[in-house]
Every structure is written in structure tokens, then in C-alpha cells.
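These notes concern the structure reproduced below.
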Protein chains: 2
Amino acid sequence: MARARSSQPRSAVMTDVARLAGVSHQTVSRVLNDHTKVRPETRERVLEAMRQLDYQPNSAARTLVTKRSNTLGIVTFDSTLFGPASMVYGIEQAARAAGYFVSIASINALGRRTVLDAINRLREQSVEGIVAIVPKDSAAEALDAVPAGISLVGVGIGHTSGVPMVGVDNTAGAATATRHLLALGHTTVHHIAGPAGWPEARERRAGWREALAEAGAPEPEALDGDWSSRSGYEAGRRLAADRSVTAVFCANDHMALGLLRALHEAGRRVPEEVSVVGFDDIPEAPFMIPPLTTVQQDFGEVGRRSMQLLVELATGDRPHGQILLTPTLQVRDSTRDLR
Amino acid sequence: MARARSSQPRSAVMTDVARLAGVSHQTVSRVLNDHTKVRPETRERVLEAMRQLDYQPNSAARTLVTKRSNTLGIVTFDSTLFGPASMVYGIEQAARAAGYFVSIASINALGRRTVLDAINRLREQSVEGIVAIVPKDSAAEALDAVPAGISLVGVGIGHTSGVPMVGVDNTAGAATATRHLLALGHTTVHHIAGPAGWPEARERRAGWREALAEAGAPEPEALDGDWSSRSGYEAGRRLAADRSVTAVFCANDHMALGLLRALHEAGRRVPEEVSVVGFDDIPEAPFMIPPLTTVQQDFGEVGRRSMQLLVELATGDRPHGQILLTPTLQVRDSTRDLR
DNA sequence: GCCCATAGTGTTAACGCTCACATCGGGTGT
DNA sequence: ACACCCGATGTGAGCGTTAACACTATGGGC
């Protein structure tokens, strides 16, 4: 994809601006980089020349000599999902605020190979740092194989790898959700879990068990989901058949949506008969039937913290940081006091 | 964010590889660019040297001399929403397949200024082409102000601007949805529209009117939404109060979700008393109560076509293309034959 | 009246790569 | 045996920028 059309006058470079302004190219460079030591009147002449020629600095030349690309890379898994999409957005905003461009490499399967490929693609572009959103053990492990010397931060990758990371405290969030249900008078809480091999699934399950144990409540067997509404629906059909089930904590909102439908079909009313809590707070949550109580994560903050960690990493301040953000419970209408 | 740590041995460049392999830097370059005319044995020696030194070609230097950055830019509005997120994903995949890197510039408000800023940010990175996802008139108009000479394609931007674009045939999709409802025996179809100033909202409304007119059905006044579930809910409360309403076409799935809840609260059963159709086919659609009949768009195809258009644009084949993809109706359980 | 600091500007040399061209052997045709 | 071609490699220049340093006025301190 070369410049449109073939023989247009090649675009202006620094020397052209210099000639037009009657100065040396170095003075142009100084104006461009906000050096002091340029007479205001000269600066104005240069700026005018730039405007006239529609001058656009050549980023490649600049990068070549400064050795700084001002670009960050993001590796992300299926950026269509709400979680990853929100994180990408948060990171992009934070990166821009910090003066970086953002380059993206998305992968459609979470494997060691795909992750490493994506990282290499980013390295070819000489990014100055990489944020990897690869929320699965097998993929997160791949991060350990990334050569040192390139700043790398994992997001939502659990403690599987030694890579610095920022994430949400899933265990705490899940425990809060479960405690909320327990405090409502339920004797125990059932759980529809995420798939094995996903740190977030494991941590949420752990938080659920923890809260159950600390309340001395019996621990029912968790049902396995795969994050999809379908899996939530299927698990829900089984749960709906069991009249002793009065409270369910779902590892994410999509599964909660499926559960809600299964309960509805089985004629079990929410929240009168069964209380439901999700995790993520997707935009649809407040409009489910009934509006879903769920655990909310601050994705904007995740983005900002990733940036911060990346910078600290580069300056060598904190070699192996781990940042954990505490999510908050959004109580809506899918949970109600039993008494 | 400089390379981590300060005094590490600067990374290997082409000359280092050449020296180690006992050839000239030019031969290394030839190996790198898959030129023929390199003896297999020499090539092997060079590759081995690269491996040994962990050589990474300097993209800035290459870009400087070839004048090709191999990078495409995407301007997108709130990439958290399902539509934009899916398009970004589709475009990224297609771009990668075509050998391009992808740089992202997201904006949080759709205005002339924000769009132009984002495009400039991308220009600074000397991208070879830009795909703009700015589905609002005021933002799309800004695209006309972009200097020629840079390949630009709009996605989902309607016919507001003269910029080449690819999009979904919203009018056709809406007409299909409305006809489906009419064919079910409904005397007319109500409409919850998207906000004014959005091409997609306008086109979907037009398709709805068109189908109504062609069937000779009366045209009820459309209700105004803003794409959010909340607005769908509010419009839904009004619709639910009117017993004559038996069929509703929503301009997107999120509003349909809100509508579904409003109908449910008012005790109006879907699909027995009221049929509902949405637009987008978000992943949650099959698990709403009841599973939502909706219009599905092929975002992967949108991505591929954008790429294709960008390439044609650069080679000058087709100065002002417009590509329209036909969406398909997904019939589920929220619509049912009246008779 | 001289010196030296300093503001303002110019000159030159990289940065790491690709392109165009030069070179150097050994076949091949006549 | 000579010219010629072609495969395989090397040499030198140049892409557009910034960094380092050099230079020229101007002005204040003594």
C-alpha cells in the first residue's frame, strides 16, 4: 500500500522546511522538539514553513536515531469479549496519556505458540513494552520464555508465571459475593465455575470456597462452565432441578445470564426462590431479568496500572511487581434477603 | 521506556551478523529478504549467526529506506461496544493475514475534533492506511477533511461522507426483520430507533418504514432510544402499556434486552403476546428470555473487505468504492406466528 | 578595552538498513 | 581460444532525523 498515486511530489522533509524558512535543518529540528534557544521570530518562521509545506516529521528516521519508538504493544485474546476489550481500551487510553502509540496483536487461541508469535510480531515493530492479556495458564507460562530485555507486563494472568502483572483480586471478589449471599440467610451457595486452566476461574472458585469455609457452610460440588451463556444455561438446568439450591455464584455474568434463563424456564423465581450473583458487571447486567447483582472490576484502573508497571519496569524500580485491584460488589435485584 | 537496564551490550545489528558469518552486510540483507542468488550454504551460515546473536532487524531503519511502514491504523469509537470491538478484531485479523501491523487510536467521543486528532496521531506513525470506525454523522463528516494522499476507509459510516466505505446494509436488514414480523401476521410493527445523527439508526429506521409501506401497514411513531439497554427499557414501558402493540423491531440488541425486561415486568408475554426482533446478534442474544430473534452481521467479512478496499485504494483501482454486506436474520424464540 | 559567558545558529557525523552498481569466477557457445 | 553471460557476493551511497560540537554575535564585569 504505497502512497496513493505514483508520481506525486514526494512529501516535504526537514531540509525543505529549512530552506523555505531560511535556516538550517537543525533549527527546524529544534523547533520541532521544543528546544529553547530559538529566537521566537525564527521559530515562527519555521512553523509557518511547516504549515505551508504540510510537513510531517518522519517517525522512522527519528526512531532510528533516538532508539525510541514511542510504541507499546498489546497482546490480547479475542478482543471481542467484554473483559479483554475493556482492558485494551483502558490500556490504550492510559498509553496515549503517557505519550505512547499502541500496536495490537490479537490471537484467536490461547496457546504457547500463538502467544510467542504475537510477541514476536510486536518485537519486530520494536515496541518499547508489551502488555499481554492472556488469561489462561498455558498461555501465561509462555511469557516466561520471553527473552529478558523487553519490558513485559501480564494482565489477568494469575500467579502462574514469574512475569510482573496487574489484575483484579478475583479471590477477594468471589469471597465478597459469596459472603453477601451467606449474609442474606442462605445455608450455602452453589457455584458455576469457569473452565480449568484459567487463573481467573481458579481464583474465583477459591474465593467462594474460602467464604464458605469461614462461615462453616457446607461446600456443594461446583459445576463446570466455560464462560459461555450456554454453559451457564446447562449448569442452570441441573441446579434448577434441585429444590435445595437457593443461592448461586457464577464465575461470570454470561453464565449468570444462562442460569437466569434456565431458572426462569423451570419456574423458579429469582430472587424470591433463588438468589444469583455474577462477576464482571457487563453493560447488560442491570437489564437482565432480574437486574443482576455482580462483582465489578475497574478496567480503566487496570490499564493505568499496567502502564505504571511498565514504566517502573523500564526504569528498574521494581523488578517483579504484582498489582492487585479490589473489585466491588454491585448489589441489584437478583439477590434478596431470605428472611 | 528505554530498554530495561542501562549498560547492556547494545543489541546486534546487521554488520555484527555479517562479521560472524563471514559475509558482507548486504548478503545478510539478502537472506533476510528471501532473495534468491544466495548459496544455500551461505544462507545457512547467516541464519545460524542470526540465531546466535538473537538478531532482530531494525524496523525503523528498514522503513526509513523502503518508505513502507507495513502498518495500518484503526480509529475506533469506544472499542468496548460489541460492534466496534468485533470490527477491530476482524480488521486486525485481516491486516495480519495481509502482512500488516495494526496500530490503534481509540476515541471516547464522536466529534470532528477527536476524529481528526486520532487520525493525526496515526499519521505521525506513518501508517500506510487508516480504517475509521466512526458511526456518527458529525464524526464521519470529519473524514472529508482528511488530506488526500492518505488511504482512508470508513466502516459503518453511512453515506454521509465521500470517503470510501464498507458496511452492512442496515436498510435491507431492518426491512427483512420487519417483513419477518409482518409475515407472522402482525398488522403493524413498532420501532425503537437509535439516536438521531447515527447513520445506522437512520438506515435501520428507513428499512423498517420501507417494509411497512410495501405491505401497506400503518406506520406507528418510532420511539427514540440511544442504543442503551436503559433506553430500550424506558421505551418498552410505554410500549407495554399499549395493548395494541404486538410486534417491535429494535435498532439493536441492547435495547431489545431492555424492552424484554419492560414487557416482562408488565406481564406481557414474549412471544405469545408480543414479538420482538433486535439487530446485531450479540453473544447474549441466544440466552435472553426468550432467546432473541435478531439480525446478524458478519464482522469478519467487514474486516476483510476493509483491507481489500484499502489495497485497491492504494493501487488506484477504485477511487470511491462502497461495499455493502447483506446481514442475515437469525430467527429464535422471541417471534412467533400469531395465527 | 579586553575577556568570557551565553544565546542563537550552523556543520558534520552517525543511526541500520536497502538499492544500484561493481566485481569476480566459472561455465557455455562458436 | 575468445567473448559473453550469469550466479554469487561485495562496495558505496543515501534515506531523514538527532546529537555533538563548532561557530558567531552580543553584552556584562573588571
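Residue numbering restarts at 1 for every chain, and letters A, B, ... go by the order of the sequence lines.
- A:Thr63 comes within contact range of no nucleotide atom at all, as no heavy-atom separation falls under 4.0 Å.
- A:Arg96 pairs by the salt bridge (Lys or Arg N to Asp or Glu O under 4.0 Å) definition with A:Glu92, not counting sequence neighbours.
- Proximity of A:Arg39 to the phosphate of C:dT9: a side-chain N or O atom is located under 4.0 Å from OP1 or OP2.
- Legend: residues meeting salt bridge (Lys or Arg N to Asp or Glu O under 4.0 Å) with A:Arg45, ordered by chain and number and at least two apart, are absent.
- The ring-ring contact (aromatic ring centres under 6.0 Å, His included) contacts involving residues 22-57 of chain A comprise nothing, where partners must be two or more places apart or lie in separate chains.
- Sequence neighbours left out, the pairs with a member in residues 75-97 of chain B that pass ring-ring contact (aromatic ring centres under 6.0 Å, His included) are B:Phe82-B:Phe299.
- Between B:Arg19 atom CZ and D:dT9 atom C1' the separation is 18 Å, expressed in whole Å.
- At whole-Å resolution of the value, CG in A:Asp16 and P in D:dG16 are 9 Å apart.
- Checking the phosphate oxygens (OP1, OP2) of D:dT18, no side-chain nitrogen or oxygen of A:Lys67 falls inside 4.0 Å.
- For B:Ser103, the side-chain hydrogen bond (donor to acceptor under 3.5 Å, both in side chains) test picks out B:Gln125, with sequence neighbours left out.
- Remark: B:Asp144 engages no residue in a salt bridge (Lys or Arg N to Asp or Glu O under 4.0 Å) (not counting sequence neighbours).
- Applying the 4.0 Å criterion to OP1 and OP2 of C:dA7, one finds that A:Lys37 has a side-chain N or O inside that range.
- In terms of the salt bridge (Lys or Arg N to Asp or Glu O under 4.0 Å) criterion, B:Arg112 has no residue partners (sequence neighbours excluded).
- Under 4.0 angstrom from either OP1 or OP2 of D:dG10 there lies at least one side-chain N or O belonging to B:Thr27.
- Taken over five-pair windows at either terminus, the axes of the helix from C:dG1-D:dC30 to C:dT30-D:dA1 are inclined to one another by 40° (rounded to 10 degrees).
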Under 3.5 Å, which N/O atoms of the protein pair with N/O atoms of nucleotides 17-27 of chain C?
unit_1, atom_1, unit_2, atom_2, d
C:dC17, OP1, B:Tyr55, OH, 2.4
C:dC17, OP1, B:Asn58, N, 3.2
C:dC17, OP2, B:Met14, N, 2.5
C:dT18, OP1, B:Asn33, ND2, 3.1
C:dT18, OP1, B:Arg62, NE, 3.1
C:dT18, OP1, B:Arg62, NH2, 3.2
C:dT18, OP2, B:Ser29, OG, 2.7
C:dC19, N4, B:Gln26, OE1, 2.7

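- Using a 4.0 Å cut-off between a side-chain N of Lys or Arg and a carboxylate O of Asp or Glu, B:Arg121 and B:Glu124 do not qualify as a salt bridge.
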